[in-house]
Amino acid sequence: MKVHNIAIHVKSAVADCGLRQILRGAEGLRVLSSVDSVARSARLSEASVVIADVFSLGACPEGAKVIGFVSGPIPGDEAARFADTVSLYDSADEILRKVRAAAGESRPDREDKRAGDLSPREKEVIRQIVKGLSNKEIASMMDVSVNTVMTHRRNIVAKLKIHSSAGLTIFALATGLVRMEDLSPENAV
């Protein structure tokens, strides 16, 4: 497994300590040590991902993947400078997920392996089920018969051992088949 260097460059000592504690020991991630301001730019250039607050953003190397550490609302133009943001209120798992995503690493787990067993059509059926479409609506959208959609659903249940729409929704979110934004009311079909 490739190891990604993570640099933390925030003004708050408490935030720095907390982020280091969360990331310390995470498989595939190495947190670069804190350094004085003279050696900081060299250390930042070694990082795959830099976690920085808006006050430290100017010290980040050009083109670096920067995750913003925010403790409150920030202006949209500032937010656009970050690849993603983490907050005081994010869980440790959420922070790790965002850091791994910024580093370009997806964590394989049991669900990811099962998702690989699905055909592209079965994945599309899951996406439509998660959006709340009926078999008839899915069939119309995919230009297949309702019988074909039901066959895909049977195959999905056999492969995933998930029998409910709620379970499929959790699976789809956990494996990245759908994003939370895809489930928002304004994106509903």
Side-chain angles (χ1 to χ4, degrees), residues 1-116 126 130 160 162 166-184 187:
M1 170 187 278
K2 182 177 179 184
V3 175
H4 300 281
N5 290 329
I6 310 301
I8 299 172
H9 189 43
V10 295
K11 296 284 184 192
S12 166
V14 173
D16 183 278
C17 183
L19 288 166
R20 286 180 190 287
Q21 186 64 33
I22 288 169
L23 298 173
R24 184 177 296 129
E27 186 179 348
L29 301 178
R30 178 183 2 187
V31 181
L32 299 175
S33 60
S34 297
V35 291
D36 61 34
S37 58
V38 175
R40 179 165 284 143
S41 62
R43 203 62 161 150
L44 289 173
S45 66
E46 296 175 33
S48 303
V49 176
V50 178
I51 301 175
D53 55 24
V54 293
F55 308 108
S56 306
L57 192 55
C60 294
E62 188 69 32
K65 291 182 185 172
V66 181
I67 295 178
F69 177 78
V70 297
S71 56
I74 59 173
D77 56 330
E78 289 292 327
R81 296 172 66 188
F82 298 119
D84 204 343
T85 59
V86 294
S87 156
L88 283 173
Y89 307 103
D90 287 345
S91 68
D93 289 340
E94 182 70 6
I95 291 170
L96 281 169
R97 185 191 65 72
K98 288 180 179 183
V99 169
R100 288 184 194 288
E105 178 185 329
S106 64
R107 296 279 299 161
D109 58 12
R110 200 170 63 117
E111 280 78 19
D112 285 345
K113 291 176 190 162
R114 293 188 300 167
I126 290 174
V130 167
L160 301 179
I162 299 173
L168 283 176
T169 301
I170 293 168
F171 173 82
L173 286 168
T175 58
L177 282 175
V178 296
R179 298 174 318 192
M180 200 61 157
E181 302 84 53
D182 297 334
L183 303 179
S184 66
N187 291 332

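- Taking CG from Leu29 and CG from Asn5, the interatomic distance works out to 9.5 Å, rounded to the nearest 0.5 Å.
- The salt bridge (Lys or Arg N to Asp or Glu O under 4.0 Å) check on Asp84 picks up nothing, with sequence neighbours excluded.
- Here the closest heavy-atom approach between residue Gly167 and residue Ile162 is recorded as C-CG2, 3.5 Å.
- Going from atom OG of Ser91 over to atom CG of Leu96 covers 8.5 Å, rounded to the nearest 0.5 Å.
- Taking the side chain as every heavy atom from C-beta outward, Ile67 and Val99 approach each other to under 4.5 Å.
- Residues forming a side chain to side chain contact (heavy atoms under 4.5 Å, CB included) with Val130 (at least two apart in sequence, or on another chain): Ile126, Thr169, Ala172, Val178, Leu183.
- Contact annotation: the side chain of Phe69 approaches that of Leu88 to within less than 4.5 Å [non-hydrogen atoms, C-beta and beyond].
- Using a distance-only test at 3.5 Å, with no hydrogens or angles considered, a donor-acceptor pair links the side chain of Lys65 to the main chain of Ala102.
- To the nearest 0.5 Å, atom CZ of residue Arg100 and atom CD1 of residue Ile6 are 9.0 Å apart.
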Requested in this report: Might you work through the side-chain contact (heavy atoms from CB on, under 4.5 Å) test for Ile8 and Val31, ending with a clear yes or no?
Outcome: CA-CA 8 Å; Ile8 299 172; Val31 181; 4.0 Å; yes
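- Residues Arg97 and Asp93 are not paired through a salt bridge, judged by the lack of any N-O separation under 4.0 Å between the basic side chain and the carboxylate.
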Report task. Using the side-chain contact (heavy atoms from CB on, under 4.5 Å) rule, take Val10 and Phe55 through it: C-alpha gap first, then chi angles, then the decisive distance, then the call. Result -> CA-CA 8 Å; Val10 295; Phe55 308 108; over 6 Å; no
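- Taking all atoms of both residues into account, the shortest heavy-atom contact from Leu32 to Arg20 is O-NH1, 2.8 Å.
- A search for salt bridge (Lys or Arg N to Asp or Glu O under 4.0 Å) contacts involving Lys98 returns Asp90, Glu94, not counting sequence neighbours.
- Taking CG of Asp16 as the reference point, atom NE2 of His9 lies at 10.0 Å (rounded to 0.5 Å).
- Contact detail for Leu19 and Ile51: the closest heavy-atom pair is CD1-CG2, 3.8 Å.
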